[in-house]
Structures are given as C-alpha cells and as structure tokens.
Amino acid sequence: MTDQDFETIKILAKQRTGIELGEHKKEMIYSRIVRRIRALGMSDFRRYLQYLDESPEAELTNFINSITTNLTSFFRESHHFDFLESTVIPELIKKKKGSNRIRIWSAGCSTGEEPYSIAMTLHKGLNKDRWNAKILATDLDTNVLAHGRAGVYSAERIGNMNPDLVKKYFTGIGDRNASGETMEAKDSIKQLITFNSLNLLGDWPMKGKFDVIFCRNVVIYFSKDTQRELFDRYANILEPNGYLFIGHSESLHGVTKRFESVGRTIYRKVA
Ligand SMILES: C[S@@+](CC[C@H](N)C(=O)[O-])C[C@H]1O[C@@H](n2cnc3c(N)ncnc32)[C@H](O)[C@@H]1O
C-alpha cells in the first residue's frame with residue numbers, strides 16, 4: 001500500500017462514512033483491506049482501488065465493513081444503564097400520561113450488545129402490556145447488523161453480564177466450549193428491537209421522534225464539523241427534554257449548545 005493508496009482510502013472513508021483515518025490506523029487498515037484484496041484474487045492495492053472506483057455497487061459495502069471498528073460489550077459504560085433505569089424510565093412513565101409510546105435509538109449499534117442492554121433495562125422497568133416501547137438499532141456495517149438480528153453471542157461475550165439477567169433474557173443453544181455455552185437472546189427482548197442499516201451521514205427515513213438516543217463511541221472518528229451537524233440532527237429528532245448518551249471519550253463541549261449535561265456523558269436536549 002503506497003502513501004497515495006492510503007490517501008485515496010482516507011478520502012473515501014471520510015466521504016462515505018465520516019470516519020477520519022489517522023496515520024496510526026495505517027497498519028490496521030492495511031491488514032483489513034489486504035484480506036479483501038486476497039478474497040477477490042487481486043494482487044495489489046492500486047488494482048483494488050480501481051475496482052472500487054469502477055464498481056462501487058459491488059464493493060463499497062465490503063470496503064466500509066472493513067474499515068469500521070465494532071468494539072462493544074453488554075452494559076458497556078454501565079452508569080448509562082443505571083441512569084436509564086433510575087431516572088429516564090420513571091420520568092417517561094410520569095410524562096407520557098396520555099400516550100404509551102416510548103422510542104429509543106441505538107445509533108451505531110455494532111453487533112447488538114448496546115440495544116440488547118437497553119432492551120433488558122426497558123423490560124425490567126416497564127409493564128409490557130401498558131407500554132408500546134421500541135428500540136431502533138442502526139449501523140452502516142451490514143455484517144454487524146446480521147449478528148445483532150440473530151442475537152447469538154459466545155459465552156465469552158455473555159460472561160461479564162449479571163447471571164440473573166443472562167438466565168432471564170438468554171437461552172443456551174447447546175454449543176458448549178471451555179468457557180461456557182453460546183446463547184441466544186429470548187424473544188422478550190428481541191421483539192423490542194428493530195435492526196436497520198443506516199448511514200448517519202445520509203438521510204434518516206424515521207418519521208416519529210425519539211425519547212432517548214444512544215450514540216456512543218461512534219463520533220470519536222468524525223471531524224468536529226461532522227459531529228456538530230450530527231448532534232444538531234439528533235436535537236431535531238429528539239422529543240423536548242429528550243436524552244442523549246455519548247461515549248466515554250466524547251464530549252459536546254464546543255460542539256453544540258442544544259444539550260445540557262446531566263451526568264457523565266449524559267445530556268438532555270434544551271433547544
Ligand atoms: C465502536 S462501535 C460502538 C458500538 C456501541 N455504540 C458501543 O458503544 O459499544 C462504532 C460503530 O459505529 C458504526 N459507524 C461508524 N460510522 C458510522 C456511520 N457513518 N453511520 C452509521 N454507523 C457508523 C460502526 O460501524 C461501528 O459499528
């Protein structure tokens with residue numbers, strides 16, 4: 001991969017996903033794209049980039065899937081789920097006297113651990129017969145969406161969760177190794193979530209507003225301008241006083257004034 005090849009990859013990544021690839025990402029990108037090049041039986045980066053340019057409909061999805069970073073876990077940044085349970089859900093129950101509609105968006109949901117963690121928290125805190133609660137889980141990486149939809153996780157991924165929650169919301173599917181059994185999310189939480197492909201930089205087809213948006217560990221790779229535009233759109237699609245949860249290394253400081261801080265990386269829409 002020449003410097004020029006990496007430059008082309010950087011431009012394409014930013015244009016199509018908002019992700020800014022720094023020099024320190026060069027080796028990681030090299031090893032991921034080289035796998036695509038081998039799978040296609042090609043011999044070098046120049047040929048691959050030419051193919052990508054000529055046939056984006058055939059290769060762009062694979063290219064995007066290779067550059068995204070999908071690290072996630074169940075109840076990651078657990079204080080967010082504590083706040084959801086102790087403050088947001090009781091507030092929504094009080095506020096929504098005339099309506100039973102609750103909508104939460106997990107934007108950049110990766111393999112599904114985040115929306116399933118939200119689903120477990122909602123399921124615990126709400127009377128299912130009374131509430132029409134739904135979680136929209138979106139990502140632009142099509143591989144991770146398929147994983148989330150299937151709701152199947154290895155024992156290692158499930159292992160860090162509270163055993164009572166695992167018992168209540170997951171069922172073993174028999175594939176046992178030394179660290180335990182592969183498990184599948186039960187319908188009680190699966191049916192709360194809809195997984196859809198969506199590029200945050202593109203159009204959003206959703207009609208209604210959201211009460212809560214989780215967009216965690218996604219914008220760290222975006223420029224400040226891209227972040228500003230995105231947070232502005234989040235404010236527009238949130239209900240008045242709606243909540244926004246962001247990742248541990250992210251901040252709205254100097255990016256937007258449409259939210260106020262109400263906790264560690266937790267914001268409420270003010271305008
Ligand atoms: C590091 S993961 C974070 C997963 C989860 N939110 C969490 O905090 O555990 C970031 C996710 O954002 C997605 N992503 C990156 N750019 C995106 C974009 N422009 N539109 C939609 N999703 C994007 C990636 O595909 C990846 O799955």
Side-chain angles (χ1 to χ4, degrees), residues 9-22 24-25 28-29 32-33 36 56 60-84 104-121 135-151 153 156-158 160-161 193-206 210 212-234 237 243-251 264-267:
I9 290 169
K10 271 167 57 175
I11 292 169
L12 203 54
K14 177 157 166 61
Q15 257 173 9
R16 298 293 184 151
T17 70
I19 297 172
E20 305 231 346
L21 300 168
H24 62 292
K25 291 276 169 77
M28 182 196 80
I29 291 299
R32 289 178 179 185
I33 304 275
R36 273 309 299 154
L60 195 59
T61 302
N62 291 315
F63 171 77
I64 289 174
N65 291 356
S66 342
I67 59 163
T68 56
T69 294
N70 309 117
L71 184 76
T72 187
S73 57
F74 286 104
F75 294 99
R76 180 182 196 183
E77 296 164 50
S78 62
H79 66 282
H80 285 163
F81 300 94
D82 297 339
F83 188 85
L84 186 64
I104 300 187
W105 181 13
S106 165
C109 63
S110 189
T111 38
E113 286 85 337
E114 179 177 281
Y116 282 113
S117 304
I118 300 170
M120 286 183 260
T121 311
I135 300 155
L136 172 66
T138 65
D139 204 287
L140 92 168
D141 181 332
T142 51
N143 291 335
V144 294
L145 284 172
H147 190 157
R149 254 182 225 120
Y153 297 94
E156 288 85 356
R157 301 207 65 81
I158 297 274
N160 295 331
M161 230 191 308
I193 311 172
T194 304
F195 285 92
N196 274 339
S197 162
L198 184 133
N199 186 342
L200 291 168
L201 302 193
D203 291 335
W204 298 352
M206 301 83 89
F210 290 92
V212 181
I213 297 175
F214 281 71
C215 181
R216 309 183 312 156
N217 308 300
V218 177
V219 305
I220 20 168
Y221 313 110
F222 294 178
S223 71
K224 288 285 175 221
D225 282 345
T226 309
Q227 291 187 21
R228 191 166 295 115
E229 209 176 301
L230 183 62
F231 289 128
D232 203 43
R233 293 176 80 194
Y234 283 153
I237 206 168
Y243 287 96
L244 172 68
F245 294 79
I246 64 173
H248 61 282
S249 57
E250 297 159 344
S251 165
R264 182 154 50 105
T265 52
I266 307 173
Y267 293 84

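Counting convention: from 1, in listed order, for ligands and their atoms alike. Computation of the quantities below employed the complete heavy-atom set of this structure, encompassing side-chain atoms and omitting hydrogens, waters and symmetry-equivalent molecules.
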* Asked: Would Phe222 count as a contact of ligand 1 if the rule is a heavy atom under 4.0 Å away?
  -> yes
Within 4.0 Å of some non-hydrogen atom of Glu114, the atoms of ligand 1 are 5 (C), 6 (N), 7 (C), 8 (O)
Ligand 1 atoms nearer than 4.0 angstrom to some heavy atom of Asn217 are 1 (C), 2 (S), 3 (C), 7 (C), 8 (O), 10 (C)
Within 4.0 Å of some non-hydrogen atom of Leu200, the atoms of ligand 1 are 18 (C), 19 (N), 20 (N), 21 (C)
Practice prompt. Keeping the roles fixed (side chain from Glu250, backbone from Val219), state whether a donor-acceptor pair exists under 3.5 Å.
Written response: yes
Among non-hydrogen protein atoms, atom 1 (C) of ligand 1 lies closest to Thr69 O, 3.2 Å
Closest to atom 15 (C) of ligand 1 by heavy-atom distance, out of Leu71, Leu140, Thr17, is Leu140
Atom 7 (C) of ligand 1 sits nearest the protein heavy atom Arg76 NH1, 3.3 Å
Query raised in the report: Does ligand 1 have an atom that lies less than 4.0 angstrom from a heavy atom of Leu198?
Result: yes
Looking only at protein heavy atoms, what sits closest to atom 12 (O) of ligand 1 is Val218 CG2, 3.6 Å
re atom 4 (C) of ligand 1, the protein heavy-atom contact at minimum distance is Gly108 O, 3.3 Å
Practice prompt. For Arg233 and Leu200, indicate whether the former's side chain and the latter's backbone hold a donor-acceptor pair under 3.5 Å.
Written response: yes
When distances are taken from atom 11 (C) of ligand 1, the protein heavy atom at minimum range is Asp139 OD2, 3.7 Å
Quick note on ligand 1: atoms under 4.0 Å from a heavy atom of Asp141 include exactly 25 (O)
message = Counting only nitrogen or oxygen atoms and a 3.5 angstrom limit, does Thr72 reach ligand 1?
response = yes
Near Ser110 (heavy-atom distance under 4.0 Å), the atoms of ligand 1 are 4 (C), 27 (O)
- [ ] Could you go through the ring-ring contact (aromatic ring centres under 6.0 Å, His included) check for Tyr153 and Phe74 one step at a time?
- [x] CA-CA 10 Å; Tyr153 297 94; Phe74 286 104; 4.9 Å; yes
heavy-atom search around atom 3 (C) of ligand 1 in the protein gives Arg216 O, 3.5 Å
